Amino acid sequence: MNDSLPVAIAVMAHNEEQRIARCLESLPLGEPGYAIHVVVNGTTDRTAQIARGYDEVTVHDWEQGGKSRSWNRFVFDDPAPAARHFVFADGDAQIQPGSIAALVERLDEGGANAASAFPGNGRRVEAYREQMRREHGLFGDLYALHGDFVARMREKDIRLPVDLIGDDGLLCSLAKTDLDNEDDWQDERVATMESAAFLCDPVRATPADLLLQARRMRNYSLRHFQNRIVSDIMRGPGPAALPDRLASLYARYLPQFRPRRDPRLWWFDRQALAAMARAAG
């Protein structure tokens, strides 16, 4: 690890013109030792224009959407930034003071491939926080990866499938297995930091928010089935067998999948399975 390198902070942003300024102003803008990037992907609003108004920020504005695709481009291809550690935040998150420093300090101590922040608000916040304590989970809203871990991902060319929903789940598994299969699983390789937290806007009972929540529920269902495929790979051959696109494996796995019986999930699972069938051709 090169201590002279900056800590790279990547804000992943898709159509976040209402929230991106708040997110950026919660970051250590202008503080030495940080290089702040905004990764704008598939956006049709003013997200990139607003981000360019901050002199301390480097903006990457890509027409193609997809968080996992954009994560790969930033980490591997853009050209790949050199950094001591990598912090990732979502563009709709507000980072609590001291959180990024806490994540970086924990990675500097060694013994962890990743450090994860806790949610700071939301209807089920206490349940999520308890689950993180128990399972050493990782939320995509705010987490950090050790620079050496990212360097080894680059050496092995272990990328996220570009159509993956839920990059955080796979990255958590890769960190816990140390880029191997699940035979080498150690929860402690992901450090959960209660001194680091983020806030997100709650869902309100407005037509726009309800439509957004419906899209999220469909994505959560797709993520559920994708995670079953990814888990099968991680239990077996390991990350070297991850495909460029998970859709290339849908035809093999779809006969095993059924909508869950929970009435809150059943309809969204049906929609996700129908979408997977179309993508499988």
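This is a predicted model, so every value here is computed, not measured.
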Q: Under the side-chain contact (heavy atoms from CB on, under 4.5 Å) rule, what do R260 and W266 come out as? Steps first, then yes or no, please.
A: CA-CA 5 Å; R260 288 167 287 182; W266 183 85; over 6 Å; no
Q. Transitively linked via ILVMFWY side-chain contacts under 4.5 Å: V190 with F198?
A. no
(Q) My understanding is that only residues two or more places apart in sequence, or in another chain, count here; which of them pass side-chain hydrogen bond (donor to acceptor under 3.5 Å, both in side chains) with R159? (A) D77, D157
Q. More than 12 heavy atoms of other residues, nucleotides or ligands under 6.0 Å from CZ of R134: is that the case?
A. yes
Q: Nearest 0.5 Å please: distance from the CZ atom of R129 over to the CZ atom of F118.
A: 6.0 Å
For residues 51-65, which side-chain N or O atoms pair as donor and acceptor with protein atoms under 3.5 Å away, sequence neighbours left out?
residue	atom	partner	partner atom	Å
Y54	OH	E25	OE2	2.6
H60	ND1	D78	OD2	2.3
H60	NE2	H37	ND1	2.9

Q | Contact check, side chains of V11 and L24, non-hydrogen atoms, under 4.5 Å | A | yes
Q.
Would a single hydrophobic cluster contain both L138 and V7, if residues Ile, Leu, Val, Met, Phe, Trp and Tyr are joined by side-chain heavy-atom contacts under 4.5 Å?
A. no
Q. Can you tell me if H85 uses its side chain to pair, donor with acceptor, with the backbone of H146 under 3.5 Å?
A. no
Q) Which side-chain hydrogen bond (donor to acceptor under 3.5 Å, both in side chains) pairs, counting each pair once, include a residue from residues 227-237, with sequence neighbours left out? A) D232-Y253
**Q.** Verdict with reasoning, D184 to K176, per salt bridge (Lys or Arg N to Asp or Glu O under 4.0 Å)
**A.** CA-CA 8 Å; D184 196 29; K176 289 182 178 182; over 6 Å; no
(Q) Do R69 and R245 make a side-chain contact, defined as non-hydrogen atoms from C-beta onward lying under 4.5 Å apart? (A) yes
Q. Taking 4.0 angstrom as the limit, do E16 and R19 come out as a salt bridge?
A. yes
Q.
Any side-chain to backbone donor/acceptor pair from D168 onto G140? Under 3.5 Å, distance only.
A. yes
(Q) Is there a path of hydrophobic side-chain contacts, each under 4.5 Å between heavy atoms, that joins F139 and M193? (A) yes
**Q.** All side chain to side chain contact (heavy atoms under 4.5 Å, CB included) counterparts of A241, not counting sequence neighbours
**A.** I233, P237
**Q.** Any residue meeting side-chain hydrogen bond (donor to acceptor under 3.5 Å, both in side chains) with D244, in chain and number order, not counting sequence neighbours
**A.** none
Q.
List the residues meeting ring-ring contact (aromatic ring centres under 6.0 Å, His included) with F76, not counting sequence neighbours, and say none if there are none.
A. none
Q: Start with the C-alpha gap between S221 and D269, add the side-chain angles, then the distance that decides, and say whether side chain to side chain donor-acceptor pair (under 3.5 Å) holds.
A: CA-CA 5 Å; S221 286; D269 282 1; 2.6 Å; yes
Q: Show the numbers, then the answer: is there a side-chain contact (heavy atoms from CB on, under 4.5 Å) between M217 and L265?
A: CA-CA 8 Å; M217 292 299 293; L265 306 173; 4.0 Å; yes
(Q) Under a 3.5 Å distance rule, please check whether R106 uses its side chain to pair with a backbone N or O of G110 as donor and acceptor. (A) yes
Q) With sequence neighbours left out, what residues match Y143 under ring-ring contact (aromatic ring centres under 6.0 Å, His included)? A) F88
Q.
For a side chain to side chain donor-acceptor pair (under 3.5 Å) check, start with the C-alpha distance between D187 and W185, then their side-chain angles and the critical distance, and finish with the verdict.
A. CA-CA 7 Å; D187 280 339; W185 186 282; 2.8 Å; yes
Q. Do you reckon I229 sits in the same ILVMFWY cluster as F268, going by side-chain contacts under 4.5 Å, direct or chained?
A. no
Q. Would R133 and E194 pass as an ion pair if we require N to O under 4.0 Å?
A. yes
Q: Taking side chain to side chain contact (heavy atoms under 4.5 Å, CB included) as the test, write out the residues that go with T43, two or more places apart.
A: H14, N15, V40, D45, T47
Q.
List the residues meeting side-chain hydrogen bond (donor to acceptor under 3.5 Å, both in side chains) with S70, not counting sequence neighbours, and say none if there are none.
A. none
Q: Please check if the side chain of S68 supplies one atom and the backbone of D163 the other of a donor-acceptor pair under 3.5 Å.
A: no
Q | Separation of L160 CG from L171 CG (nearest 0.5 Å) | A | 5.0 Å
Q.
Using side-chain heavy atoms (C-beta onward) and a distance below 4.5 Å, is L142 in contact with L103?
A. yes
Q: State whether R264 and D262 are salt-bridged, where the test is any N-O pair (Lys NZ or Arg NE/NH1/NH2 against Asp/Glu carboxylate O) under 4.0 Å.
A: yes
Q) Which atom pair, heavy atoms only, marks the closest approach of M276 to Y250? A) O-CD1, 3.4 Å
Q.
Q271: which residues meet the side-chain hydrogen bond (donor to acceptor under 3.5 Å, both in side chains) condition with it, sequence neighbours left out?
A. none
(Q) Does any part of the side chain of Y34, heavy atoms only, come nearer than 4.5 Å to the side chain of P6, both counted from C-beta? (A) no
Q | Validation row: F74, P81 side chains within 4.5 angstrom (heavy atoms) | A | yes
Q: Identify the heavy atoms of L273 and R258 that sit nearest to each other, and give their distance.
A: CD1-C, 4.0 Å
**Q.** Contacts of type ring-ring contact (aromatic ring centres under 6.0 Å, His included), residue F257, not counting sequence neighbours
**A.** F225
Q.
Is the positively charged end of R124 above the ring of Y128, judged by distance under 6.0 angstrom from the centroid and angle within 45° of the axis?
A. yes
Q: Please confirm whether the backbone N or O of S173 pairs with a side-chain atom of E182, one donor and one acceptor, at under 3.5 Å?
A: no
Donor-acceptor contacts, no H, no angles, side chain residues 90-100, under 3.5 Å, sequence neighbours left out:
residue	atom	partner	partner atom	Å
D90	OD1	K67	NZ	2.7
S99	OG	Q96	O	2.8
S99	OG	A197	N	2.9
S99	OG	A197	O	3.2

**Q.** Pairwise side-chain contact, R152 with D178, heavy-atom cut-off 4.5 Å (strictly under)
**A.** yes
Q. Below 4.5 Å, heavy atoms only, C-beta onward: do R73 and V39 meet side chain to side chain?
A. no
Q | Distance (rounded to the nearest 0.5 Å) between L179 CG and L174 CG | A | 6.0 Å
Q) Is the backbone N or O of D183 less than 3.5 Å from a side-chain atom of N181, with the two atoms forming a donor-acceptor pair by type? A) yes
**Q.** Heavy-atom closest contact (L107 atom, A115 atom, distance)
**A.** CD2-N, 3.9 Å
Q. Tell me, do M132 and S116 make a side-chain contact under 4.5 Å, heavy atoms counted?
A. yes
Q: Say whether F149 and V87 are linked into one hydrophobic cluster, either directly or through other cluster members, by side-chain heavy-atom distances under 4.5 angstrom.
A: no
Q) If you take all heavy atoms of C200 and D141, which pair is closest and at what distance? A) SG-OD2, 3.3 Å
